[in-house]
There are 2 protein chains.
Amino acid sequence: MKNDVLDDKYFMQMALAEAEDAYSEDEIPVGAVIVSDGKIIAKAHNLTETLKDVTAHAEVLAITAAENALGAKYLPECTIYVTLEPCLMCAAAIAHAHIQRVVFGASDPKKGYSTFLDKFPSKAEIVKGVLAEQSAKILKDFFVNIRS
Amino acid sequence: MKNDVLDDKYFMQMALAEAEDAYSEDEIPVGAVIVSDGKIIAKAHNLTETLKDVTAHAEVLAITAAENALGAKYLPECTIYVTLEPCLMCAAAIAHAHIQRVVFGASDPKKGYSTFLDKFPSKAEIVKGVLAEQSAKILKDFFVNIRS
């Protein structure tokens, strides 16, 4: 079941709430949720500082949580919403998980997958720019804050 | 401190022992170890089936374990030994961890990072083909076995 544009904004708002949680924990504010059949089955935010683990990006944590929730290794019916364009690691993790739809907010011209690849490394449908301004603003605020 | 060729074979043998553990657990037999200052600080093997988690590749698990061992988010002094060419996800994870040297055994023309990228996504030194035959053989044996 595909989500319409209103759903995309709704679920991205949930991903933004995760990013806000990250912000309040002094983590780079990126959040993600995974939706199956219109329901959120996993949500996560970046925890690289807390866990001292560079692999603890929001998407990787959300994928692991979604797989646990479904007891399944693959997530072919799922959509992942993430506030920032996935990096190469996360794009490949999304591809490994067979997630069918990827919706992201802000683009990441420095570390986003599209800096390295001509196209996403799977046949997933890609929707970009959903709540992009809010997704970028929380990141900008975070970096302004830690520099001051 | 750089390792010489003899060290590379020795540590790849340890990675192969991890791959053998994976084989005995019905996991695709790929193993990895991470070495710092001549000592193994983490070892891991693929656990995607056991954990039902597509992100549980040997390299990702070894990076998380090494970061835990050192209490550090980055592993700039470390070498990772892995029996199979890292996939895109693992190559990017290695890059995120600032690992300085990557030694792998068998090439992976289907899913290896070099299928997608012209070069490794960091400045790490790349050494390929160490114990490549043994690394490839255990994979071949595994797939022959599960198909029969």
Side-chain angles (χ1 to χ4, degrees), chain A residues 26-28 30 32 34 42 44 46-76 78 80 85-99 108 110-122, chain B residues 26-28 30 32 34 42 44 46-76 78 80 85-99 108 110-122:
Chain A
D26 294 326
E27 295 280 356
I28 295 174
V30 180
I34 295 179
N46 176 40
L47 282 175
T48 49
E49 293 302 324
T50 306
L51 299 179
K52 294 219 182 307
D53 183 354
V54 295
T55 73
H57 284 197
E59 300 95 311
V60 168
L61 298 176
I63 289 168
T64 300
E67 290 168 330
N68 281 337
L70 298 183
K73 211 175 77 165
Y74 299 122
L75 307 168
C78 293
I80 188 167
E85 179 184 347
C87 74
L88 203 55
M89 175 181 76
C90 291
I94 290 166
H96 286 328
H98 299 186
I99 288 175
D108 185 353
K110 279 190 187 164
K111 293 185 180 168
Y113 73 87
S114 63
T115 311
F116 300 91
L117 303 173
D118 292 334
K119 61 182 196 68
F120 198 82
S122 80
Chain B
D26 295 326
E27 295 279 356
I28 294 174
V30 179
I34 294 179
N46 175 39
L47 282 176
T48 49
E49 293 302 325
T50 305
L51 300 179
K52 295 218 181 309
D53 184 356
V54 295
T55 73
H57 284 197
E59 300 95 312
V60 168
L61 298 175
I63 288 169
T64 300
E67 290 169 330
N68 281 338
L70 297 184
K73 211 177 76 164
Y74 297 122
L75 306 168
C78 294
I80 186 165
E85 179 184 345
C87 75
L88 204 54
M89 174 181 76
C90 292
I94 289 165
H96 285 328
H98 299 186
I99 289 176
D108 184 353
K110 279 190 187 165
K111 293 184 181 170
Y113 73 87
S114 64
T115 312
F116 299 91
L117 302 173
D118 291 336
K119 62 182 196 67
F120 198 83
S122 80

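In what follows, every heavy atom counts, from backbone to side chain, and hydrogens, waters and symmetry copies are set aside. Within every chain, numbering begins at 1; the chains are lettered A, B, ... in the order of the sequence lines, protein sequences first and strands thereafter.
Smallest separation of non-hydrogen atoms from B/K73 and A/V54: O-CG1, 3.2 Å. When all heavy atoms of B/A93 and A/M89 are compared, the closest pair comes out as CB-SD, 3.7 Å. Across A/L51 and B/N68, no two heavy atoms sit closer than the pair O-OD1, 4.4 Å.
Interface remark: A/L117 contributes side-chain atoms only to the contact with chain B (heavy atom separation under 4.5 Å). For B/A97, the parts lying under 4.5 angstrom from a heavy atom of chain A are both the backbone and the side chain. Residue A/H98 does not touch chain B at all, counting heavy-atom pairs closer than 4.5 Å. Neither the backbone nor the side chain of A/C90 comes within less than 4.5 Å of any heavy atom of chain B.
For the side chain to side chain contact (heavy atoms under 4.5 Å, CB included) with A/T55, the lone residue among B/L61, B/T55, B/I63 that qualifies is B/I63.
One distance of note links CG of A/L88 with CZ of B/F116; it measures 9.5 Å at 0.5 Å rounding.
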